[in-house]
Amino acid sequence: MQTLYFDLRDTKGPQKEMEDKISAAAKILREGGLVAIPTETVYGLGANGLDGKAVRRIFEAKGRPNDNPLILHVTGPQWLPRYCSDVPPLAYVLARKFWPGPLTMILKRKPTIPDETTAGLDTVAMRCPNHPVTLAIIREAGIPIAAPSANISGRPSCTTAQDVLEDMDGKIDAVVDGGPCMVGVESTILDLTCDPPRLLRPGGLPLEDLERLIGQIEVDKAVTSPLQEGEKPKAPGMKYRHYAPKAPVTVVTGAPEESAQEILRRVGATSGVVCFDEFADLFPEQEVHTLGPGDDKLIQAQRVFDALRTFDTSPVTEIYAQCPDNRGLGLAIGNRLKKAAGFHVVEASGERVILGLTGGTGAGKTSALRAVESLGGTVVDCDAVYHEMLDTNQAMREDIHACFPGVFNGDGALDRQRLGQEVFRDKHRLEQLNDIVFRHLIPEVRRRLTESTAKLSAIDAINLLESGLDGLCDRTIAVTSPLELRVRRIMARDGITEQYARLRIAAQKPDEYYRGKCDYELSNAAETPEAFEAQARDFFERLIESVKEEKQHGSSRG
Ligand code: TXA
Ligand code: MG
């Protein structure tokens, strides 16, 4: 079959010529043909989404498993009620804000859509792409266009018309060239048939943008981890090996400086490297494809598929790829890299260990922290950080002021006693204060950890588990001790009566709570603080070794 090529890169050219090409593409589609179309994310391989026979040709051309449904491309929310039933108001809220754009919504389907398009599911994926040429083609054709990414199934997606020709020349009726794709990774897929809505695939629209508009979103497990035997993902496409170049890929996560060093330790003469621009010089012997500057995820998204595709024409035997963090577009870029790697992921922070310590008063946390310091570790005392932030962190002070208006004096000084009284007897008010504090504390503690060059750090926090600070830790440790020993220690340490010591312990969470939630328990039955410090030191030495061991051999987490 001869594949026609329509050049529509320059939309400012002669109007008539452009309209003719758009009509020609629309006509092929209406008559059941296959046309590759440009979108802002990646190129799509389009057919009439209402024509089961035409849609079957898409699956043949791509070699796509036929249990993997397609996205219907439309020109706006007015198309939703034609093909979807029970459209929730939320769908219109999202469409008004993000369409045309890289958001695909999963909604209940109407029977007008053939089973070929939805792979027999009772839902359908709807998207309005942000590309003037493709919007004009759909409008002219007057039908919804079913279009998966235009690559051969399993290969990285196509972000230029040349990529499409490489995979599809001779197999489809036409390619419409609308220039290189501006976004570079596919659309974000959000399932609106469940509550809360669920992210099935991270993509060109960052999760944070969606959350800001509609609140909580559940992230499907298939986004961050490989599927277990027999497990079924909500988006059928997430189960297939994907985006993969021919050579095996290893993704290296962690701070860019560290991941670059980790790759440097691993590469040989026949390795390929995908890295940020800043690190390309580290690999003079290797074939390198850069992702763009480490701090520019827009460019990284545009380049990620090209970087992977290009290796298929070179003789590399393995590929190592640097990976951005998960914020913003980083979640989608990292997801594509990890899928290309079959989730073979190595953490570059292999040398660095962060422990979280928690537990009630009198159990021996202070001695345990001294043991960490004696091993060369630094300790972040979250209670001290919190008190410092009460005086210096303007954003946190403003949030506290908005919620507890009376606690700041005229000169802006915080009346701590008054704040304490407000939350002391009222559980709800305490929760409100904790929400505010934890929200600001986590980034501050993360900043302090990143700035420190120590190979070992401990986070000391009584609220380690409730605050979410445990998420920053490699391992969490509950320091516990038999009740009677705690009572005696507090009496001796603080010079208080037995009755008062028992009251103080009773006001805190019991050891069982910490024991149940932490990764490890460090139990203190020692006679003296020195003896417990020595015991803790042994415990930490062994624990740190096992953490490093696991990191160096790579794990598939995240
Ligand atoms: O940016 C994009 O979305 C591109 C451009 C061309 O629009 N299209 C694209 O299509 O990435 P495709 O077929 O490569 O990926 C569509 C994904 C697949 O993982 C598929 O399983 C999932 O969407 N999907 C389609 N219909 C679904 C449904 N009803 N429920 C759940 N997942 C669905
Ligand atoms: Mg695809």
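Start at 1 and go down the list; that is how both ligands and their atoms are numbered. Counting from 1, the numbers follow the sequence of the chain as shown.
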Peer 1: Is there a donor-acceptor contact under 3.5 Å from the side chain of Thr117 to the main chain of Gly49?
Peer 2: yes
Peer 1: So does His131 get a backbone contact from the side chain of Thr134, meaning a donor-acceptor N/O pair under 3.5 Å?
Peer 2: no
Peer 1: For atom 9 (C) of ligand 1, which candidate among Ala36, Gly120, Ser149, Gly44 holds the nearest heavy atom?
Peer 2: Ser149
Peer 1: For ligand 1, which atoms have a heavy atom of Ile71 less than 4.0 angstrom away?
Peer 2: 3 (O), 8 (N), 9 (C), 10 (O), 16 (C)
Peer 1: For ligand 1, does Thr123 get within less than 4.0 Å through its side chain, its backbone, both, or neither, judged by non-hydrogen atoms?
Peer 2: both
Peer 1: Evaluate Arg127 for polar contact with ligand 1, using N/O atom pairs at a separation under 3.5 Å.
Peer 2: yes
Peer 1: Do any nitrogen or oxygen atoms of Glu186 come within less than 3.5 Å of a nitrogen or oxygen of ligand 1?
Peer 2: no
Peer 1: Among all residues two or more places apart in sequence or in another chain, which pass the side chain to side chain donor-acceptor pair (under 3.5 Å) test with Asp435?
Peer 2: none
Peer 1: For atom 23 (O) of ligand 1, what's the nearest protein heavy atom and its distance?
Peer 2: Ile189 CD1, 3.1 Å
Peer 1: Would you please determine whether Thr118 falls within less than 4.0 Å of ligand 1 on a heavy-atom basis?
Peer 2: no
Peer 1: For Thr118 and Arg109, does a side-chain donor sit closer than 3.5 Å to a side-chain acceptor?
Peer 2: yes
Peer 1: Among all protein heavy atoms, pick the one closest to atom 27 (C) of ligand 1 and tell me residue, atom and distance.
Peer 2: Pro69 CG, 3.5 Å
Peer 1: Report the part of Met126 (side chain from C-beta onward, or backbone N, CA, C, O) that has a heavy atom under 4.0 Å from ligand 1; answer both or neither where that applies.
Peer 2: neither
Peer 1: Can you find a side-chain donor-acceptor pair between Thr39 and Arg127 that sits under 3.5 Å?
Peer 2: yes
Peer 1: At what distance is the nearest protein heavy atom to atom 7 (O) of ligand 1, and which residue and atom is it?
Peer 2: His73 NE2, 2.7 Å
Peer 1: Taking atom types as modelled, is there a side-chain donor on Thr159 or Gln302 under 3.5 Å from an acceptor on the other?
Peer 2: no
Peer 1: Any heavy atom of Pro102 sitting closer than 4.0 Å to ligand 1?
Peer 2: no
Peer 1: For atom 13 (O) of ligand 1, grab the closest protein heavy atom and report residue, atom and distance to one decimal in Å.
Peer 2: Arg64 NH2, 2.8 Å
Peer 1: Please step through salt bridge (Lys or Arg N to Asp or Glu O under 4.0 Å) for the pair Glu31 and Lys27, ending with a clear verdict.
Peer 2: CA-CA 6 Å; Glu31 291 171 353; Lys27 183 161 178 284; 3.3 Å; yes
Peer 1: Within the structure, does Leu121 bring an N/O atom to less than 3.5 angstrom of an N/O atom in ligand 1?
Peer 2: no
Peer 1: Among all the protein's non-hydrogen atoms, which is closest to atom 30 (N) of ligand 1, and how far away is it?
Peer 2: Ile106 CD1, 3.6 Å
Peer 1: What protein heavy atom sits nearest atom 3 (O) of ligand 1, and how far off is it?
Peer 2: Ser187 OG, 2.5 Å
Peer 1: Tell me how many protein N, O or S atoms are within a distance shorter than 2.8 Å of the Mg ion (ligand 2).
Peer 2: 1
Peer 1: I need the nearest protein heavy-atom contact for atom 5 (C) of ligand 1: residue, atom name and distance, please.
Peer 2: Thr41 OG1, 3.6 Å
Peer 1: Which option out of Ile58, Asn68, Asp191, Thr39 puts a heavy atom nearest to atom 21 (O) of ligand 1?
Peer 2: Asn68
Peer 1: Below 4.0 Å, non-hydrogen atoms only: which portion of Arg201 touches ligand 1? Side chain, backbone, both or neither.
Peer 2: side chain
